[in-house]
Trainee: 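Below: one structure in structure tokens.
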Amino acid sequence: MNKTVTGCIVTYNNMSTIDNAVSSLLKYTQAPFRLYVVDNGSTDGTVEHIEKNYPQVKVIRSGGNIGFGAGHNVVLDMLDSDYHAI
């Protein structure tokens with residue numbers, strides 16, 4: 001039986017590094033996988049880049065820079081996976 005895995009990245013103006021992180025997670029995760037990216041108010045095109053290039057990723061706009069921990073907490077009620085990675 002396959003276990004399901006979710007993952008979350010919290011980002012803020014990380015256009016220069018987000019592509020490597022997202023593509024690597026999607027490429028190398030072997031289990032059924034759903035990736036969430038919580039954006040803390042980026043103004044550098046990070047959100048638009050993810051939405052355009054990774055339609056399978058669920059992007060959540062937090063509405064402001066709420067921080068790393070609070071950003072991860074945003075997705076907790078959405079999860080139905082066996083495992084979750086931050």
Side-chain angles (χ1 to χ4, degrees):
M1 174 185 221
N2 282 340
K3 299 289 185 178
T4 58
V5 178
T6 53
C8 183
I9 298 172
V10 174
T11 186
Y12 177 73
N13 287 333
N14 284 317
M15 182 64 160
S16 64
T17 58
I18 195 72
D19 199 53
N20 285 338
V22 171
S23 64
S24 192
L25 283 166
L26 294 175
K27 181 177 179 179
Y28 293 110
T29 303
Q30 299 293 314
F33 183 63
R34 171 82 175 182
L35 181 61
Y36 297 87
V37 172
V38 177
D39 184 77
N40 278 343
S42 294
T43 58
D44 66 348
T46 297
V47 170
E48 295 79 8
H49 177 77
I50 296 167
E51 290 175 337
K52 178 182 176 188
N53 295 290
Y54 303 100
Q56 70 273 45
V57 173
K58 172 70 175 164
V59 178
I60 301 164
R61 292 173 173 88
S62 68
N65 194 350
I66 62 174
F68 181 80
H72 283 290
N73 289 342
V74 168
V75 303
L76 292 180
D77 289 337
M78 300 176 191
L79 303 178
D80 62 354
S81 57
D82 296 300
Y83 302 98
H84 181 69
I86 61 171

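Side-chain atoms are counted along with the backbone in the values below, which use heavy atoms only and exclude waters and symmetry mates. Fair warning: this is a prediction, and the values are worked out from it, not measured in the lab.
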Trainee: Hey, any chance Val75 and Val10 share a hydrophobic cluster, counting ILVMFWY side chains that come within less than 4.5 Å of each other, even indirectly?
Mentor: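 Yes, because Val75 and Val10 connect within a single hydrophobic cluster, where side-chain heavy atoms sit under 4.5 Å apart.
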
Trainee: Please tell me whether Val22 and Phe33 are part of a single hydrophobic cluster in this structure, the criterion being side-chain heavy atoms less than 4.5 Å apart.
Mentor: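 Yes, one cluster joins them.
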
Trainee: Should Val5 and Ile60 be counted in the same cluster of Ile, Leu, Val, Met, Phe, Trp and Tyr side chains packed under 4.5 Å apart?
Mentor: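 No; tracing contacts between hydrophobic side chains, which count when under 4.5 Å, never links both residues.
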
Trainee: Quick one: CD1 on Ile66 to CG on Asn40, what's the gap to the nearest 0.5 Å?
Mentor: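 So the gap between those two atoms works out to 5.0 Å.
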
Trainee: Working note: Tyr54 + Ser23, criterion side chain to side chain contact (heavy atoms under 4.5 Å, CB included); need CA distance, chi angles, decisive distance, verdict.
Mentor: CA-CA 8 Å; Tyr54 303 100; Ser23 64; 3.3 Å; yes

Trainee: How many angstroms lie between atom OG1 of Thr11 and atom CD1 of Ile18, to the nearest 0.5 angstrom?
Mentor: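 Nearest 0.5 Å value for the OG1-CD1 distance: 4.0 Å.
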
Trainee: In Å, rounded to the nearest 0.5 Å, how long is the span from CE of Met78 to SG of Cys8?
Mentor: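 Rounded to the nearest 0.5 Å, the CE-SG separation comes to 9.0 Å.
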
Trainee: At what distance, to the nearest 0.5 angstrom, does CZ of Arg34 lie from OG1 of Thr4?
Mentor: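 Result: 12.0 Å between the selected atoms.
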
Trainee: Mind listing the closest non-hydrogen atom pair of Asp82 and Lys3 along with its distance?
Mentor: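 Closest approach of Asp82 to Lys3: OD2-CA, 3.3 Å.
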
Trainee: Grab the two heavy atoms, one from Gly64 and one from Ser62, that are nearest each other, plus how far apart they are.
Mentor: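 The answer is O-OG, 2.6 Å.
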
Trainee: Taking atom types as modelled, find out whether Asn14 and Thr46 have a side-chain donor-acceptor pair closer than 3.5 angstrom.
Mentor: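 No, because no side-chain N or O of Asn14 sits under 3.5 Å from a partner of the opposite role on Thr46.
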
Trainee: In Å and rounded to the nearest 0.5 Å, what is the OG to CG distance from Ser16 to Asp44?
Mentor: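 Here the rounded value is 8.0 Å.
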
Trainee: Do Asn20 and Thr17 touch side chain to side chain, with heavy atoms closer than 4.5 Å?
Mentor: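 Side-chain contact under 4.5 Å: no.
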
Trainee: Following the transitive rule for hydrophobic clusters with a side-chain heavy-atom cut-off under 4.5 Å over Ile, Leu, Val, Met, Phe, Trp and Tyr, establish whether Ile86 and Val38 coincide in one cluster.
Mentor: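 Each belongs to a different hydrophobic cluster.
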
Trainee: To the closest 0.5 Å, what do you measure between CG (Asn13) and CG (Asp39)?
Mentor: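 Rounded to the nearest 0.5 Å, the CG-CG separation comes to 7.5 Å.
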
Trainee: Is it the case that one hydrophobic cluster holds both Tyr36 and Ile9, taking links as side-chain heavy atoms less than 4.5 Å apart, direct or via other members?
Mentor: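 In one cluster: no.
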
Trainee: Do the side chain of Ser81 and the main chain of Tyr83 share a donor and acceptor less than 3.5 angstrom apart?
Mentor: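 Checked: pair present.
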
